[in-house]
Number of protein chains: 2
Amino acid sequence: MSEPSSPVESFSGKKAADIVGISYRQLDYWARTDLIRPSVADAHGSGTRRRYSYRDLLELKLVKTLLDNGIKLESIRKAFAYLREQLNEDLSAAKLVMVGNSAVLVRENDELIDVVNRYQGQGVLNLLALDGVQSEVDAAIVELFPSEGDEGEAEAGDADDAGGPARPAAEGGS
Amino acid sequence: MSEPSSPVESFSGKKAADIVGISYRQLDYWARTDLIRPSVADAHGSGTRRRYSYRDLLELKLVKTLLDNGIKLESIRKAFAYLREQLNEDLSAAKLVMVGNSAVLVRENDELIDVVNRYQGQGVLNLLALDGVQSEVDAAIVELFPSEGDEGEAEAGDADDAGGPARPAAEGGS
DNA sequence: CCAGATCGTGACACCGGCGTAATTCCGCCG
DNA sequence: CGGCGGAATTACGCCGGTGTCACGATCTGG
């Protein structure tokens, strides 16, 4: 997964939940209530399949991390209104700053010091380094679905569940 | 209220809730579930009276501020396990830092820069300047109960509801 | 094509947190 | 002392969030 941003990679709902470390129920609820919907393919009835992109996984993991650190889901929803456009598939140098209900991604350390110095006490300032979020997603992909992790993106087409419905499953990875 | 730390000052439950800006229900729930109990006098049956100290008000206001900024009550409970001993009646130079479920009060700016620089990305770092918390409590006391605010602590004995049951009510302040 | 696996869906339950309202009881004051 | 005001208490409800389970529908692989 040295190049995790393969545009053809996608994950089933169950796999996404496993990788991110949340229950399927949570994933379903978040999708239904428009927090994080699957960007590759959405459900359109019982038995159909959601498909989540790698970027979706990062977003899901971010939500989980914020929840685990005591932030209300309601507030995370509000923050994502600001965040959605700023998130991409490389979070290794990014830090998330949330003040009140707004959120901004900071990518330069100077910028971060500036934000903290400009903090004048108006409410709580939340700070989260996103490299940990990304590395945990990457590690979970490698650990839970080694055929996706071991082979790298060059073999992504062979991976079960990773290439979308047009790709034949090369082995029973799931 | 230039000297807000008068040890004889106390507030009824309703007044405390008004000053802090929460519902009586919230105040009651937080007292019953041991988040912030009234330190001067606790309830011991229907019709009896809770009495909150000025310091209790600061704690209540801190809880409200954290809630308003999206922190879960459950996490605030955990943070207070660490915080209780560190809070006093002068928060003007203090900043609260919460990482994971632990919390620490920082009073020197150097110390704060140190904490932020030492932040290595393990979870969310929450930062809150407490001078705003305190000044809002002080302002609310002055605004809502001027006899307590206008006269200062020298006249606290004359204030309705501020001196405890042994003090006669000088005027219908409530 | 078909059987079985897997997925999404619906339903119900539980819990925490808090709103609303009625009731009971205490404390204060005349 | 008694009446009354106000406080705490109790009860029920709602909502968001999530756990658990059964069921129907779609998808996949042989």
Side-chain angles (χ1 to χ4, degrees), chain A residues 10-18 20-38 40-52 63-64 66-68 70-78 160-174, chain B residues 10-18 20-38 40-52 60 63-64 66-68 70-78 160-161 163-174:
Chain A
S10 67
F11 302 84
S12 70
K14 183 170 191 306
K15 285 213 170 164
D18 289 342
V20 170
I22 58 176
S23 67
Y24 185 84
R25 183 76 181 87
Q26 283 178 297
L27 183 86
D28 188 40
Y29 180 72
W30 298 350
R32 288 171 181 285
T33 53
D34 296 320
L35 177 55
I36 309 287
R37 301 201 75 107
V40 176
D42 207 346
H44 46 276
S46 174
T48 63
R49 314 284 150 132
R50 294 184 177 111
R51 308 278 333 155
Y52 288 87
V63 174
K64 175 168 187 340
L66 292 170
L67 279 179
D68 287 349
I71 313 292
K72 297 181 193 173
L73 192 65
E74 170 195 351
S75 297
I76 295 166
R77 289 184 190 281
K78 288 172 183 164
D160 178 42
D161 232 6
R167 294 260 177 37
E171 40 91 15
S174 58
Chain B
S10 68
F11 301 85
S12 71
K14 184 172 191 303
K15 286 213 168 166
D18 289 342
V20 170
I22 59 177
S23 67
Y24 185 84
R25 183 77 180 87
Q26 282 177 298
L27 182 86
D28 189 40
Y29 180 72
W30 298 351
R32 288 173 180 284
T33 53
D34 296 321
L35 176 56
I36 308 287
R37 300 200 74 107
V40 177
D42 208 347
H44 46 277
S46 175
T48 63
R49 313 286 152 130
R50 294 184 177 111
R51 308 280 330 161
Y52 287 87
L60 290 169
V63 173
K64 175 171 189 327
L66 292 170
L67 279 180
D68 287 348
I71 313 292
K72 297 181 191 173
L73 191 64
E74 171 195 351
S75 298
I76 295 165
R77 290 183 188 281
K78 288 172 185 166
D160 178 42
D161 231 8
R167 296 260 176 35
E171 40 91 19
S174 57

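In what follows, every chain begins at residue 1, and chains take the letters A, B, ... in the order their sequences are listed. Below, all heavy atoms of this structure are taken into account, side chains as well, without hydrogens, waters or symmetry copies.
The two residues Ala31(B) and Arg50(B) come nearest to each other via the heavy atoms CB-NE, 3.9 Å. Of all the heavy atoms in Pro38(A) and Asp42(A), the pair that sits closest is CG-OD1, 3.4 Å. Shown here for Leu27(B) and Ala16(B), the closest heavy-atom pair between the two residues is CD1-CB, 4.4 Å. Scanning both residues, Tyr29(B) and Arg77(B), for their nearest heavy atoms gives CE2-NH2, 3.7 Å.
Side-chain atoms of Ser12(B) and Arg49(B), non-hydrogen and from C-beta on, never get closer than 4.5 Å to each other. Between Trp30(A) and Ile22(A) there is a side-chain heavy-atom pair separated by less than 4.5 Å.
Atom CG in Asp28(B) sits roughly 15 Å away from atom P in dT20(C) (whole-Å rounding). Atom P of nucleotide dA5(C) and atom NZ of Lys15(A) are separated by 17 Å, given to the nearest angstrom. dC7(C) atom P lies 11 Å from atom CG of Leu27(A), rounded to whole Å. Computed from coordinates, the Arg49(A) CZ to dT9(C) C1' distance equals 13 Å when rounded to whole Å. The interatomic distance linking His44(A) (NE2) with dG24(D) (C1') rounds to 15 Å, in whole Å. Atom C1' of nucleotide dT9(D) and atom NZ of Lys14(B) are separated by 17 Å, given to the nearest angstrom.
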task: Give the C-alpha distance, both sets of side-chain angles, the deciding distance and a yes or no for side chain to side chain contact (heavy atoms under 4.5 Å, CB included) between Leu73(B) and Leu35(B).
output: CA-CA 9 Å; Leu73(B) 191 64; Leu35(B) 176 56; 3.7 Å; yes

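Side-chain atoms of Thr48(A) lie closest to dT26(D) of the nucleotides dG5(D), dT9(D), dT26(D).
Between Arg32(A) and dT9(C) there is a side-chain polar atom (N or O) within less than 4.0 angstrom of OP1 or OP2. The shortest distance between the side-chain N/O atoms of Arg50(B) and the OP1/OP2 oxygens of dT9(D) is below 4.0 Å.
The local environment of NZ in Lys72(B) is crowded, with over 12 non-hydrogen atoms from other residues, nucleotides or ligands closer than 6.0 Å.
Between the base of dT9(D) and the side chain of Ser46(B) there is no donor-acceptor pair shorter than 3.5 Å.
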- line: With B for base contact, S for sugar-phosphate-only contact and - for none (protein heavy atoms under 4.0 Å), nucleotides 15-20 of chain D reads -SSBBB

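Not one N or O on the side chain of Ser75(B) forms a donor-acceptor pair closer than 3.5 Å with the backbone of Ile71(B).
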All N/O contacts under 3.5 Å from nucleotides 2-4 of chain D to the protein, with atom names and distances to one decimal?
none

